[in-house]
Amino acid sequence: MPPKSPPRVAIVGLGTIGRIHAERILRLDAALAAGADVSTDARELFAGEYDVPTYADHETMLADADIDAVFVCVPNRVHERVAIDALEHECAVLLEKPLAHSVESAERIAAAAADAEASCVVGFTMRFSNATRRVAALRDEGRLGSVSHVDATYLRRNALPGEGRGWFTDPDLAGGGVAMDLGVHALDLALYLLEYPTVREVTGVTRSEFGDYDVEDSAHALVRCGDDRTISIRVSWRATRSSSKRCIVRGSDAGVEFNVTEPTLDVFDTRPVGTDESDGRPTGPDEMLSVDGGDMHLAEDRAFLATLAGERTALAGTVEDALTVQRVLRAIYDSSDRGEAVRLSEYQ
């Protein structure tokens, strides 16, 4: 059955990210129809601000509310139950990243999504940065040549979710620490710009240095893909350096450095430019490209709502992509524990 026009949307998990999506839904061709959260305070605040019915559990909401799509914004461990229930009610689903708290749970979601009539996508927000889209366009135009390496950094100077007291630092609910939070973004961004090659091997190190919690607050990894293409990621909640969302893309004809939230890209060509570092003169980008500002969450939600009508863009994160990311995350943790590289085939 085709969705109503405008489609009616519900949000499960009425915290920060749920409210971010609610604000964007109000700006799109969709109707915010319901919300669900176990917290009474969160429900009352959401109902008062958006004038929609709220529920203490998603099961009652799915049974009672007339909805076409569900945004799943709950802790990672709860993703599976909410997403599968919504898909069984023939509701389209946008799952906040990561896909789940574990590979096994992610695989069950992927199986349910493959069998469902409704669409299911994963919220890989950095794909929707205008800077990311411009780099992808340069890649598709052949400007970069053959892309061999992506370095993705997502470092926070001092921004621990919930100051270490929320579910993000609970390994049972989150499945890990900063790798499951920020590492997901960095991995998807890099894999997306490489057009999701087959991942062969992962070497990773995770550390917990700055807080009293049972998860890592920094992670570093090297990912080896097909054709010996590589990815390096660095993520941290508390870095002893400046914050950064910097990405470096290296191609055989040109490379690009950019920040996903900034309006310029630095392009470095391979042609001689007469600025050899050995003579003491500075070397810099051969070209600076400007991009328009944009709202990544708004673009993401617009792309998700388009899937209700059977439309899908390359930007919309697939469950298959998210399952690859989940397996790489598992490999990072296992590699750190074992002190050696891990083949991704262990998890397939």
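Any value given below was found using the heavy atoms of this structure, including those in side chains, with hydrogens, waters and symmetry copies removed.
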Give, for atom [atom1] of [X] and atom [atom2] of [Y], the distance between the pair rounded to the nearest 0.5 Å.
X: I248; Y: T153; atom1: CD1; atom2: OG1; value: 6.5 Å
X: Y154; Y: L187; atom1: OH; atom2: CG; value: 13.5 Å
X: I231; Y: R224; atom1: CD1; atom2: CZ; value: 13.0 Å
X: N76; Y: D172; atom1: CG; atom2: CG; value: 11.0 Å

Members besides M288 in its Ile/Leu/Val/Met/Phe/Trp/Tyr cluster (side-chain heavy atoms under 4.5 Å): none
Fellow cluster residues of I20, listed by chain then number, with links counted only when side-chain atoms sit under 4.5 Å apart: I17
With Y347 via side-chain hydrogen bond (donor to acceptor under 3.5 Å, both in side chains) - residues at least two apart: D334
Salt bridge (Lys or Arg N to Asp or Glu O under 4.0 Å): pairs with one or both residues in residues 42-51, sequence neighbours excluded: R19-E49
R143: which of D269, D286, D253 passes salt bridge (Lys or Arg N to Asp or Glu O under 4.0 Å): D269
Minimum heavy-atom separation for [X] to [Y], with atom names?
X: G211; Y: S208; answer: O-OG, 4.2 Å
X: L193; Y: A136; answer: CD2-N, 4.2 Å
X: S119; Y: L87; answer: O-CD2, 3.9 Å

Pairs involving residues 63-82, ordered by first then second residue, that meet ring-ring contact (aromatic ring centres under 6.0 Å, His included) (sequence neighbours left out): H21-F71, F71-F304
Side chains of [X] and [Y]: closer than 4.5 Å at any heavy-atom pair?
X: L14; Y: L45; answer: no
X: E195; Y: R139; answer: yes
X: E201; Y: R343; answer: yes

Results of salt bridge (charged side-chain N to carboxylate O under 4.0 Å, His left out) for D321 - residues two or more places apart only: R127
Cluster overlap Y213 with V235, hydrophobic side-chain contacts below 4.5 Å: yes
Criterion salt bridge (Lys or Arg N to Asp or Glu O under 4.0 Å) on R246 and D266, from CA distance to verdict: CA-CA 11 Å; R246 195 75 173 166; D266 293 338; 3.5 Å; yes
Test log, rule side chain to side chain contact (heavy atoms under 4.5 Å, CB included), inputs L62 and Y55: CA-CA 10 Å; L62 290 169; Y55 300 83; over 6 Å; no
